[in-house]
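Input: a single structure, listed below in structure tokens.
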Protein chains: 4
Amino acid sequence: MSKGEALRDRTAALIVDSAAALLARSGETASMEDIATAAGIGRATLYRYFANRDELLRAMASASVEELAVQIGEADLDNAPFDEALTRLTRAIIATGSKYLALSRDGVGLTNAHPDADKALIQPVRGLFRRAIAEGSLRDGLSPDLLMSLYSGLVRGALGAGSDRRLGVEEMVATIVTVFLHGVRAKG
Amino acid sequence: MSKGEALRDRTAALIVDSAAALLARSGETASMEDIATAAGIGRATLYRYFANRDELLRAMASASVEELAVQIGEADLDNAPFDEALTRLTRAIIATGSKYLALSRDGVGLTNAHPDADKALIQPVRGLFRRAIAEGSLRDGLSPDLLMSLYSGLVRGALGAGSDRRLGVEEMVATIVTVFLHGVRAKG
Amino acid sequence: MSKGEALRDRTAALIVDSAAALLARSGETASMEDIATAAGIGRATLYRYFANRDELLRAMASASVEELAVQIGEADLDNAPFDEALTRLTRAIIATGSKYLALSRDGVGLTNAHPDADKALIQPVRGLFRRAIAEGSLRDGLSPDLLMSLYSGLVRGALGAGSDRRLGVEEMVATIVTVFLHGVRAKG
Amino acid sequence: MSKGEALRDRTAALIVDSAAALLARSGETASMEDIATAAGIGRATLYRYFANRDELLRAMASASVEELAVQIGEADLDNAPFDEALTRLTRAIIATGSKYLALSRDGVGLTNAHPDADKALIQPVRGLFRRAIAEGSLRDGLSPDLLMSLYSGLVRGALGAGSDRRLGVEEMVATIVTVFLHGVRAKG
DNA sequence: AAATAATCGAGACGGTACGTCCTGTCTTTGG
DNA sequence: CCAAAGACAGGACGTACCGTCTCGATTATTT
């Protein structure tokens, strides 16, 4: 029954999009009824697609993860020097930025959201940093995980700044990459 | 009636502390009844101190702001060279870290929480960065606000990393300051 | 949607009955939660049927009025001599007695409870007394309204006495009618 | 310390009066705070005089009982023929009528209100009816208790009618006594 | 007249009922 | 046969009241 499943998936995606738009506006508020109405469906139908409010949130996160995973995949991090790879990665993240930010603001762990999150997101990035460490281009004492946390914080900070002031995407990318690279680079 | 007010303030502080401890454990869950019980008071009394759940959350944020403001005040940022001042600032923030992190995770805006938040927190830090810019020790094209966002992201990222892995305070401080300074420094 | 409304009405009637039984036992006490539990439903559902405690009370009164109105209608007061009509009326009231008593004990005005209370209850009885006056079978100086008050008091008194001591229905009816019609003096 | 007790009793009486007036207006509503304010005292003081809302209600009933007992005592029921005694009794009750009515409307049993209620109120009246029975002036089959219930209902009914329409006291007394004694039929 | 005791108000506190709102699970109806 | 509509139980929220309590302040009483 591939046709029914396809329809179901399309509806689910529609709900997720509509919910994302609503939550971006209203924040954590917004009842399930509101979400259903915003999606143009009944509350019961919403529950038929997502058993929980939590599950809906996770589905939203999962959508972000997937979108981001595609972008990262296209960035082809492995086949570019570290600097270029980092620039591409940053550009990919910023492009999916708003959703990424909205999700990370709420308590939803992106990592738990999607079964492949680890494989599709964490692994490539960690691999990138691991490679840079192996190449000796980074300062000592910085583990891959710590690097990821710092980098993630930097991106998030820039995104926060970008949402207030109007910053062009390329401007943000350049700033992040420059600051991070000079900050962690071996020779200083 | 300074004595009555003093008692009231002390009780309110006790409630805020107890609630902070509980929420740190249970996350956003935990009903007002739970919070009251954890504080050893009745639900009605809790509502006599804080009209709303929101008001309680704001009070918690306000407490964090105040605590952090004291730490920053003691850091005496103006009378130290930039590097040293930044180290002190980072140490102050990390010291108040857990609460700062817990609050920032929830939707409570720290800035809106306390009337003096801007004066006591934002201004000194912005001043520090402004001074560094004036001294010419930072790279061009980095506004004070952008610097604050990047720095804040870096701190938050390090705090997130520190809560998972066990990182010593000084270790975290050193990492943050080093990465940030090399990242933004002029000559790079 | 006549079926849904019918179900709703049936449920409402069930709640009213169950509440009447409970209040007859527990008096004015008994929380809405208790009433809901006694009716075998949740508190929220109870509030979906009756917005207020007051509205529930009014519904109980209204039910009494309706029941009594039916009984009085069946008594066919107009087509019987005064003595017989009064006997039938008294029997009708006593039959609905317990509820009538319980409601009249609380502050709920029976008259305000039901839109047709006046037409269905007051009018027929007043008509009966008016007819008796017109027939000249009653002493002078007794207005229909005063007669109704006295009769009502007598019935209520007898009901009160009947609930304590065990008096058969027919015994009570006979006593009320006899006393009201002939007076207490032996030959008067 | 008879002086202190006297003052206390006077204050208590004042509270009871004020509360009676307030409750007559507002019905069962009216919080303890309202009652205290109406009496011109603080809530704590009110509770110092009456531990419960119930106790206050009972005190109000008790005051009525006492007042009525005095009136009945002065009526000297034993030293008058039945007709005259009943007239005096009715006059006494009607005189204290409003309070008697207000109390009997609420759930407060007058009998339980005052320790001497039975002795001061019930006994004399029952004695009156018992005497009438013994004299053979009443119809058979009417126990003293039933007579009291019927008489009480009649009085209450007349009081209810009197509060709506404007009926003079003597008019009401005459009607009650006449109806009760002679019945409503023209010549019976 | 000064010290002491009783009484007052003011109001905080624990507890509980109320009425509202939302969640997650159902049944019932219609396309 | 699945959608939309909506009823239901449960529970949290914020409000209001009750009965208990402690605290100063204002009285009366006592020495």
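By convention in this document, chain letters (A, B, ...) are assigned in the order of the sequence lines, proteins followed by strands, and residues within each chain are numbered from 1. Values below: all heavy atoms of this structure, side chains included; hydrogens, waters and symmetry mates excluded.
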| task | Apply the test side-chain contact (heavy atoms from CB on, under 4.5 Å) to residues C:Leu68 and C:Ser64: give CA-CA distance (whole Å), side-chain angles for both, the deciding distance (0.1 Å), then the verdict. | result | CA-CA 6 Å; C:Leu68 195 50; C:Ser64 281; 6.0 Å; no
| task | Grab the CD1-P distance between B:Ile15 and E:dA12 for me, whole Å please. | result | 13 Å
| note | Side-chain contact check for C:Met32: nearest option of E:dG14, E:dC18, F:dC13 is E:dC18
| Taking the nucleotide of DNA chain F with the closest heavy atom to each, which residue, B:Ala51 or C:Thr11, is nearer the 5' end? | C:Thr11
| task | Find the distance B:Leu7:CG to F:dT22:C1' and express it as a whole number of Å. | result | 11 Å
| Between C:Arg53 and B:Tyr49, which is nearer to the 5' end of DNA chain E once each is assigned its nearest nucleotide? | B:Tyr49
| Distance-only, no hydrogens or angles: does the C:Thr11 side chain make a donor-acceptor pair with backbone N or O of C:Leu7 under 3.5 Å? | yes
| said: Between C:Ser62 and C:Arg58 (side chain of the first, backbone of the second, donor and acceptor by atom type, cut-off under 3.5 Å), is there such a pair? | reply: no
| said: Contact list please: residues 33-44 of chain D against DNA chain E, heavy atoms, distance less than 4.0 Å, in numerical order. | reply: D:Gly40, D:Ile41, D:Gly42, D:Arg43, D:Ala44
| field | Side chain proximity check, A:Thr29 to A:Asp34, heavy atoms < 4.5 angstrom | value | no
| What nucleotide, of F:dG19, E:dC22, F:dA5, holds the atom closest to the side chain of A:Arg48? | F:dA5
| field | Full working for side-chain contact (heavy atoms from CB on, under 4.5 Å) between A:Ser18 and A:Ile15 | value | CA-CA 5 Å; A:Ser18 148; A:Ile15 295 175; 5.8 Å; no
| said: Looking at F:dC18, I'd like to know if its phosphate oxygens (OP1 or OP2) sit under 4.0 Å from a side-chain N or O belonging to D:Asn52. | reply: no
| Value in whole Å for how far the P atom of F:dC23 lies from CZ of B:Arg8 | 17 Å
| Between P of F:dC18 and CG of D:Leu57, the distance in whole Å | 11 Å
| Quick one: are C:Arg8 and C:Tyr49 in side-chain contact, heavy atoms under 4.5 Å? | yes
| task | Take the protein atom OH of A:Tyr47 and the nucleotide atom C1' of F:dA3, then report the distance between them rounded to whole Å. | result | 18 Å
| Please give, in whole Å, the distance from E:dT16 C1' to B:Leu46 CG? | 16 Å
| Closest-nucleotide 5' rank along DNA chain F - winner of B:Asp54 and C:Thr45 | C:Thr45
| request: Sequence neighbours left out, what passes side chain to side chain contact (heavy atoms under 4.5 Å, CB included) with D:Ala44? Give chain and number order. | output: D:Arg48
| Taking CZ from A:Phe50 and C1' from E:dT23, how many angstroms apart are they, rounded to a whole number? | 17 Å
| message | Can you measure B:Leu56 atom CG to F:dG14 atom P for me and round it to whole angstrom units? | response | 10 Å
